[in-house]
Amino acid sequence: MRRRLIAGNWKMNGVRDSLTELDPIVAECETFTSEVLICPPATLLPLMANRLSGSGVMVGAQDCHPNPAGTHTGDLSAPMLADAGASHVILGHSERRTQHGETDSLVNAKASATARAGLVPIICVGETRGEREAGIALDIVAGQVRNSVPAEPDPEALIVAYEPVWAIGTGLVPSLSDIAEMHAHIRSLLRKEIGESGGHRIRILYGGSVNAGNAHEILSVANVDGGLVGGASLKARDFLPIIRQSEAG
Ligand code: 13P
């Protein structure tokens with residue numbers, strides 16, 4: 001009922017030459033039943049949108065400003081990202097929360113702005129290693145979900161991504177039972193906050209050291225509706241096998 005989404009987050013990687021990585025994905029994408037999304041740096045958005053046009057593979061951004069326009073040097077608004085060809089915007093990634101001091105309320109405002117521009121926000125949440133070791137991971141993530149997800153969202157047009165900070169780029173992955181526990185926790189929170197039916201329809205992605213070797217088992221966990229992939233999304237030879245794992249059931 002919830003269609004799987006495999007999303008690649010290129011972070012601050014990629015130049016025009018990197019767009020050749022899309023070609024093997026486009027060549028195979030007709031066979032995909034999962035949705036596939038790639039979020040390049042903003043410099044590549046229109047070029048990537050152009051290259052993927054008609055393929056069904058979608059293009060997303062990695063951040064946006066909460067205002068539609070104005071005196072915000074260096075920032076990009078959600079309507080601009082829509083104009084550049086984006087369909088989704090990653091928001092509140094832990095790298096933005098830590099490196100740019102983003103708070104839940106700012107992420108919430110950005111998510112509302114993204115939805116107003118007709119784009120799908122992908123709201124990232126996740127605990128640090130210290131928070132997990134202190135036994136407060138569920139509470140931390142609950143707070144982030146409550147405060148970062150806008151009130152009364154369109155459940156079909158909002159995605160939550162659980163990315164434990166300590167699993168990002170480290171090769172470390174939580175146990176499948178820890179992933180199951182956290183995703184069930186987020187699901188029940190969404191049901192409580194948004195309502196039974198809406199909370200059921202929102203997709204929850206897992207992110208953090210997903211690769212071709214672990215994607216199948218992670219994607220089989222209840223309430224894991226797809227993956228948000230960093231390093232392994234940069235090369236088609238790494239990303240395509242993850243998409244294929246998603247197709248494998
Ligand atoms: P890695 O897949 O490189 O761990 O990154 C995950 C991530 O941060 C995706 O947003």
Side-chain angles (χ1 to χ4, degrees), residues 4-14 18 21 25 34-42 44-45 48 57-64 81 86-100 102 107 110-111 114 119-129 131-132 137 140-141 144-145 148-149 158-176 178-179 182-183 186 203-219 221 224-246:
R4 273 205 188 137
L5 170 65
I6 305 298
N9 175 8
W10 280 18
K11 307 190 180 185
M12 198 173 73
N13 295 291
S18 319
E21 293 297 330
I25 298 169
S34 307
E35 288 185 344
V36 177
L37 168 73
I38 303 175
C39 302
L44 293 179
L45 267 178
M48 187 176 279
V57 178
M58 302 176 291
V59 183
Q62 300 175 12
D63 179 43
C64 77
L81 299 172
S87 56
H88 295 63
V89 185
I90 297 171
L91 293 170
H93 191 283
S94 70
E95 287 149 17
R96 298 224 43 102
R97 290 178 186 262
T98 57
Q99 296 171 24
H100 297 270
E102 294 202 2
V107 174
K110 290 180 173 194
T114 295
L119 304 178
V120 176
I122 301 176
I123 298 175
C124 301
V125 296
E127 82 285 357
T128 63
R129 183 195 295 271
E131 289 161 346
R132 177 148 293 266
I140 292 293
V141 169
Q144 290 173 335
V145 170
S148 305
V149 173
L158 182 124
I159 294 168
V160 174
Y162 170 55
E163 297 206 309
V165 179
W166 52 274
I168 295 175
T170 58
L172 302 172
V173 177
S175 68
L176 296 183
D178 282 346
I179 295 176
M182 185 61 85
H183 279 243
I186 295 171
R203 285 178 289 179
I204 308 171
L205 311 183
Y206 169 80
S209 297
V210 174
N211 59 43
N214 61 23
H216 187 261
E217 58 180 17
I218 292 173
L219 292 169
V221 173
V224 173
D225 303 313
L228 182 51
V229 185
S233 71
L234 295 173
K235 297 281 175 208
R237 66 166 182 271
D238 299 321
F239 195 46
L240 254 178
I242 296 174
I243 302 169
R244 291 190 197 119
Q245 296 289 316
S246 170

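Atoms within each ligand, like the ligands themselves, are counted from 1 in listed order.
- Pocket lining of ligand 1, defined as residues with a non-hydrogen atom under 4.0 Å away: N9, K11, H93, E163, A167, I168, G169, G208, S209, L228, V229, G230, G231.
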Enumerate donor-acceptor pairs with a distance under 3.5 Å from any side-chain N or O in residues 161-169 to protein atoms, sequence neighbours excluded.
residue, atom, partner, partner atom, Å
Y162, OH, E127, OE1, 2.9
Y162, OH, E127, OE2, 3.0
Y162, OH, R132, NH2, 3.4
E163, OE1, H93, NE2, 3.0
W166, NE1, E127, OE2, 3.0

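- Under the rule for a side-chain hydrogen bond (donor to acceptor under 3.5 Å, both in side chains), the partners of D225 that lie at least two apart in sequence or sit in another chain are R2, R187.
- Two residues are said to be in side-chain contact when any heavy atoms from C-beta on lie closer than 4.5 Å; I159 and L205 meet this criterion.
- The ring pair (Phe, Tyr, Trp, His ring centres under 6.0 Å) test applied to Y206 returns no partner, not counting sequence neighbours.
- Side-chain contact between E35 and I6 is absent, with no heavy-atom pair separated by less than 4.5 Å.
- Between I38 and I25, some side-chain heavy-atom pair lies under the 4.5 Å cut-off.
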